Amino acid sequence: MAARKEFALLALENPLLDIQAQADQALLDKYELKANDAILAEEKHIPLYEELLNNYDAKLIAGGAAQNSARGAQYILPPNSVVYLGGAGDDKYSAILKDAVKQAGLRVEYRVDPKEKTGRCGAIITGHNRSLVTDLGAANHYGLDHLKKPEIWSLVENAEVYYIGGFHFTVSPPAIMELAKQAAEHNKTFVLSLSAPFIPQFFKEVVDASAPYWDYIIGNETEAAAYAESHDLPSKEPKDVVKVLANLPKENGKRKRVAIVTQGTEPTLVAIQGEDAIQEFPVHAIEPAKINDTNGAGDAFAGGFLAGLLEGKSLATSIDMGQWLAKLSIQELGPSYPFPKQVY
Ligand code: 26A
């Protein structure tokens, strides 16, 4: 077999530092937050970060949804398999991020903006729910200026799989489209995560513009329902939405689209373009007492799945690798993976 190519997986999104704490309904109420959600911070949310740090014993943990997935894929793959792009500042928070990705062996190429603060995400844990409130900071300044730098673009040309966290639709749709077109032109694999209900809801136009380029589309049941709602689909049932997603018009006819909808502890649904049957894959069972928190569970799923794709595993095995990595991650604090490493 030919030697594996280095940095065959390239991921793009928003590097964030998570400020994570256990809290209660009162804190959610104070900031008008849902127990299980992911939103962009408004002015009224800004004091939350200090409050989490000062009053709730918050921990600082590397986050950013697709960066978590990239760390997860690299956790499974041989060294130098994954490179991640996004915007960061030059401060204490970016130093923590760099340490964490170094431990995971993930290569990052940040667009460093010394005038902006590294992005942060308040992660409020209540039971098995997590509420995420993001202040993007420097992550919001990512764009084509960085992606098209010769040394970065050569990483793009070298990679075979692109993974885009849908949260990046709030930052740089042009960067996403550039990767989408590159993938279709060169028959590379383009994988997109819907990331959160507000993405298909409020960023519908840019999401739809990218849709013809999706080779794999990954979402959970609430994101699928939000997609159904904003697209006036007759049904919001995950089984119906997954089929619609798989069968949207597609640019690159050489690959059939695969749509994946996770449903928490319920089986993961998979639809393949042009096929009638929907496949179901059970999650890896875990005793509730072993769950630390669910922050990053979906990211870990994507990370394990991507590792499977890169290793050329079957669809069923790749999904199972995602379920496996999600089970490991929810036993850790935040979107993290156990060390010493476990082997799939
Ligand atoms: C633009 N937004 C809202 C975001 C995020 C985000 N990552 C990128 N962009 N909001 C939350 N996250 C990350 O999601 C992970 C859990 O799935 C958090 O940083 C957290 O690590």
Side-chain angles (χ1 to χ4, degrees), residues 11-21 33-42 45-46 48-49 52 58-72 84-88 93-94 96-97 100-101 104 106 108 110 117-125 128-142 163-173 175-176 192-203 206-207 218-220 222-223 226 262 264 292-305 322 325-326 329-330 332-337:
L12 166 69
E13 207 207 41
N14 315 319
L16 304 174
L17 193 68
D18 287 357
I19 303 175
Q20 177 173 321
L33 299 168
K34 291 187 206 154
N36 208 17
D37 204 1
I39 63 163
L40 286 168
E42 297 166 37
H45 297 122
I46 299 302
L48 170 68
Y49 303 104
L52 283 170
K59 300 285 182 290
L60 299 177
I61 312 165
Q67 186 170 237
N68 300 335
S69 301
R71 277 191 292 118
Y84 170 85
L85 312 177
Y93 279 13
S94 65
I96 297 174
L97 284 186
V101 299
L106 173 67
V108 297
Y110 292 150
K117 283 203 281 190
T118 296
R120 51 198 175 154
C121 174
I124 304 175
I125 309 298
H128 291 165
N129 291 320
R130 91 285 182 270
S131 194
L132 306 172
V133 183
T134 293
D135 176 21
L136 276 168
N140 210 15
H141 297 265
Y142 194 83
Y163 177 65
I164 316 299
F167 282 125
H168 204 69
F169 280 113
T170 76
V171 173
S172 183
I176 296 173
L192 183 89
S193 161
L194 287 175
S195 292
F198 85 88
I199 297 295
Q201 202 173 1
F202 298 119
F203 293 83
V206 282
V207 168
I218 305 176
N220 67 23
T222 59
E223 292 149 19
T262 62
N292 196 327
D293 62 72
T294 60
N295 185 17
D299 307 337
F301 172 80
F305 178 75
L325 195 62
S329 178
I330 59 183
E332 303 296 307
L333 183 69
S336 309
Y337 307 102

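Remember, predicted model here, so these are calculated numbers, not experimental data. As the structure lists them, so they are numbered: ligands from 1, and atoms in each ligand from 1.
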**Q.** Derivation of the side-chain contact (heavy atoms from CB on, under 4.5 Å) call for Phe198 and Thr170
**A.** CA-CA 10 Å; Phe198 85 88; Thr170 76; 3.7 Å; yes
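In this structure, the side chain to side chain donor-acceptor pair (under 3.5 Å) partners of Asn295, at least two apart in sequence or on a different chain, are Asp18, Gln20. Qualifying side chain to side chain donor-acceptor pair (under 3.5 Å) partners for Glu13, counting only residues two or more places apart in sequence or in other chains: none. Residues passing the side chain to side chain donor-acceptor pair (under 3.5 Å) test with Ser193, sequence neighbours excluded: none.
Considering Leu16, Asp299, Ile61 as possible partners of Asn68, the one that fulfils the side chain to side chain contact (heavy atoms under 4.5 Å, CB included) test is Asp299.
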What are the polar N/O contacts of ligand 1 with the protein below 3.5 Å, with distances?
| from | atom 1 | to | atom 2 | distance (Å) |
| --- | --- | --- | --- | --- |
| ligand 1 | 7 (N) | Ala65 | N | 3.1 |
| ligand 1 | 9 (N) | Asn14 | ND2 | 2.9 |
| ligand 1 | 10 (N) | Thr134 | OG1 | 2.8 |
| ligand 1 | 17 (O) | Asp299 | OD1 | 3.3 |
| ligand 1 | 17 (O) | Asp299 | OD2 | 2.6 |
| ligand 1 | 19 (O) | Asp18 | OD1 | 2.5 |
| ligand 1 | 19 (O) | Gly64 | N | 2.8 |
| ligand 1 | 21 (O) | Asp18 | OD1 | 3.4 |
| ligand 1 | 21 (O) | Asp18 | OD2 | 2.5 |
| ligand 1 | 21 (O) | Gly64 | N | 3.4 |
| ligand 1 | 21 (O) | Asn68 | ND2 | 2.9 |

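At distances below 3.5 Å, at least one donor-acceptor pair connects side-chain atoms of Arg71 with backbone N or O atoms of Ala62.
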